[in-house]
Number of protein chains: 2
Amino acid sequence: MATSTVENYLKHLLLLAEDGEALVPMGALAAALEVVPGTATTMVKALADSGFVQHRPRLGVRLTPEGRRVALNVLRKHRLVETFLVHVLKMDWAKVHDEAEQLEHAISDEVLDRLDALLGHPQTDPHGDPIPSRQGKLHSQVYATLATCTLDRSVRIVRITDQSAEFLRFAEQHGLQPGTAVRVADRNLPAGLLAVQKSGKAPAVSLSLVAAGKILVEPAR
Amino acid sequence: MATSTVENYLKHLLLLAEDGEALVPMGALAAALEVVPGTATTMVKALADSGFVQHRPRLGVRLTPEGRRVALNVLRKHRLVETFLVHVLKMDWAKVHDEAEQLEHAISDEVLDRLDALLGHPQTDPHGDPIPSRQGKLHSQVYATLATCTLDRSVRIVRITDQSAEFLRFAEQHGLQPGTAVRVADRNLPAGLLAVQKSGKAPAVSLSLVAAGKILVEPAR
DNA sequence: TGATTTATTTTGACTAATCAAAATAGCCGC
DNA sequence: GCGGCTATTTTGATTAGTCAAAATAAATCA
């Protein structure tokens, strides 16, 4: 069985190279896991021996099909647990990430399936991140962001890509959550600022371009 | 923070000396944790350094108040998780023990409280084991068993003390679950056998004395 | 091309938890 | 009161995961 450390390495590799093609540089992996680079190197060599990753020395790492399979299962657990915590236990969506970080390594596949059924087989978690299917399909799609979408066109928020509690709380405070329809009323590139109008009367929210880039949207139908 | 190994040592010490008075012999602790005695000795000395237990060399170990506090919290998590798995996720009551063994170390106190509220602050888990209160009170009571209760008197099953999947499945098969009213129709000490009659017509169930001793009962009111 | 910077890997050391096997303490019988 | 049994403790070794710091390779820049 993969230890929870192994699961974490694989999960972060998946998140750092969602396509599965690209080689993840050792430094990026080490940073994501908050370990020193030497530790990541050592661990990656062990993972390669177990057949979970392919290691190209000095170039980077990438998941093998087997590693990807395990990583997708962990990610599925993480996102279903988050969904459960928000929808059933009514927890603060800014807190559930850290909880799920622990629980993803402790729940069995059977509990996972029952949780999935209880929640009605959701497609995305409360932050809008897609939940991998049981078969390991991850319907990831390229979305526009509030920083890139058409001006003055109504769009629907689908996903918040920054999972930090601070950012999530900020987003919640201004009602910028998946499902909400908004419109970018103005974008001032030199100043790095933009104004987001929630449908209706409410005053426009002012956002930095950096923050806006973390909020994915699709055209509102 | 206590590692999950530490939590397990403390939990088992609590279960082996529920009163908190008695010294638990090192061998008993090692057996409960399925480690060799030397390992338990080493670990217990570390636990004593951290203030969780008192170690009387060659005599035994017992929890300090602080150790007991931690142990009760772990036990509360274990039993509430079991209750959740059976009542909400509808899992087989014979399987939930092993699941809870993992989850008890992964859930936060906040999740614990919300789970408790969701379940309506249950007093006992699905096996009838008492759930420690948030304040660390464990309403444990001395019960009779099917092996010791009065003959031909109607009693209600309150608790199954053997958590092994085999025994639980056996109990379930014969409808011997907490809440069920039964009557010991006959007890044959030399043969080590007894006959249990479920209220009504069903044929009597034949049980060994050993098995009967694992089923706690109280007088049916 | 040669020197410098940067990323990665190696080396040596540490911690937590474990086992196997040897040493020891306590008790029990005679 | 001495020998022997049993439970416990010690000792030495192992594994997983980590860090600090030295060594190396690659990339960059002059």
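Chain A is the first sequence line, chain B the second, and so forth, proteins listed ahead of strands; every chain is numbered from 1.
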Going by atom type alone, with no hydrogens or angles, which donor-acceptor pairs under 3.5 Å involve a side-chain atom of residues 103-115 of chain A and a protein atom two or more places apart or on another chain?
{"from": "A/Glu104", "atom 1": "OE1", "to": "A/Lys11", "atom 2": "NZ", "distance (Å)": "3.4"}
{"from": "A/Glu104", "atom 1": "OE1", "to": "A/His78", "atom 2": "ND1", "distance (Å)": "2.7"}
{"from": "A/Glu104", "atom 1": "OE2", "to": "A/Lys11", "atom 2": "NZ", "distance (Å)": "2.7"}
{"from": "A/His105", "atom 1": "ND1", "to": "A/Glu7", "atom 2": "OE1", "distance (Å)": "2.6"}
{"from": "A/His105", "atom 1": "NE2", "to": "A/Asn8", "atom 2": "OD1", "distance (Å)": "3.2"}
{"from": "A/His105", "atom 1": "NE2", "to": "A/Glu101", "atom 2": "O", "distance (Å)": "3.4"}
{"from": "A/Ser108", "atom 1": "OG", "to": "A/Glu110", "atom 2": "N", "distance (Å)": "3.4"}
{"from": "A/Ser108", "atom 1": "OG", "to": "A/Val111", "atom 2": "N", "distance (Å)": "3.2"}
{"from": "A/Ser108", "atom 1": "OG", "to": "B/Glu99", "atom 2": "OE1", "distance (Å)": "3.1"}
{"from": "A/Ser108", "atom 1": "OG", "to": "B/Glu99", "atom 2": "OE2", "distance (Å)": "2.4"}
{"from": "A/Asp109", "atom 1": "OD1", "to": "A/Lys77", "atom 2": "NZ", "distance (Å)": "3.3"}
{"from": "A/Glu110", "atom 1": "OE1", "to": "B/Lys95", "atom 2": "NZ", "distance (Å)": "3.2"}
{"from": "A/Glu110", "atom 1": "OE2", "to": "A/Arg114", "atom 2": "NE", "distance (Å)": "3.1"}
{"from": "A/Glu110", "atom 1": "OE2", "to": "A/Arg114", "atom 2": "NH2", "distance (Å)": "3.2"}
{"from": "A/Asp113", "atom 1": "OD1", "to": "A/Arg134", "atom 2": "NE", "distance (Å)": "2.9"}
{"from": "A/Asp113", "atom 1": "OD2", "to": "A/Arg134", "atom 2": "NE", "distance (Å)": "3.0"}
{"from": "A/Asp113", "atom 1": "OD2", "to": "A/Arg134", "atom 2": "NH2", "distance (Å)": "2.9"}
{"from": "A/Arg114", "atom 1": "NH1", "to": "B/Leu89", "atom 2": "O", "distance (Å)": "3.0"}
{"from": "A/Arg114", "atom 1": "NH1", "to": "B/Lys90", "atom 2": "O", "distance (Å)": "3.2"}

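- Phosphate proximity of C/dT18 to B/Tyr9: present, with a side-chain N or O under 4.0 Å from OP1 or OP2.
- The distance from atom CG of B/Asp49 to atom P of C/dA17 is 13 Å, rounded to the nearest whole Å.
- The nearest whole Å value for the distance from the CG atom in B/Leu29 to the P atom in C/dA17 is 14 Å.
- One atom, NE2 of B/His105, and another, P of C/dA16, lie 18 Å apart when rounded to the nearest Å.
- The shortest distance between the side-chain N/O atoms of B/Thr3 and the OP1/OP2 oxygens of C/dA17 is below 4.0 Å.
- Within residues 30-45 of chain B, the residues that place at least one heavy atom under 4.0 Å from DNA chain D are, in residue-number order, B/Pro37, B/Gly38, B/Thr41, B/Lys45.
- With the nearest nucleotide of DNA chain D identified for both B/Arg56 and A/Leu59, B/Arg56 has the one nearer the 5' end.
- Residue B/Met26 contributes atom CE, which lies 19 Å from atom P of C/dT24 at whole-angstrom precision.
- You'll find that the side chain of B/Arg58 is closest to C/dT24, out of C/dA16, C/dT24, D/dT18.
- Between B/Pro57 and A/Ser4, the residue whose closest nucleotide on DNA chain D is further toward the 5' end is B/Pro57.
- Dashed line: the shortest gap from a side-chain N or O of B/His55 to OP1 or OP2 of D/dT8 is not under 4.0 Å.
- Rounding to the nearest 0.5 angstrom, the gap separating the NE2 atom in B/His87 from the CG atom in B/Leu80 is 11.5 Å.
- Residues A/Ala40 and A/Ala30 come closest through the heavy atom pair CB-CB, 3.9 Å.
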Please report the C-alpha distance between B/Val61 and B/Leu13 in whole Å, then the side-chain angles of each, then the deciding distance to 0.1 Å, and finally whether the side-chain contact (heavy atoms from CB on, under 4.5 Å) criterion is met.
CA-CA 8 Å; B/Val61 206; B/Leu13 278 171; 4.2 Å; yes
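- Of all heavy-atom pairs spanning B/Leu138 and B/Pro130, the tightest one is CD1-O, 3.7 Å.
- Ionic pairing of A/Arg69 and A/Glu66 is present here: one or more N-O contacts between side-chain nitrogen and carboxylate oxygen are shorter than 4.0 angstrom.
- Rounding to whole angstrom units, CG of residue A/Leu47 and P of C/dT9 are separated by 13 Å.
- Computed from coordinates, the B/Phe52 CZ to C/dA16 P distance equals 13 Å when rounded to whole Å.
- In this structure, B/Glu7 atom CD and C/dA16 atom C1' are separated by 15 Å, rounded to whole Å.
- Checked options A/Asp129, A/Asp98, A/Val96; the residue passing with A/Gln163 is A/Asp129 (criterion: side-chain contact (heavy atoms from CB on, under 4.5 Å)).
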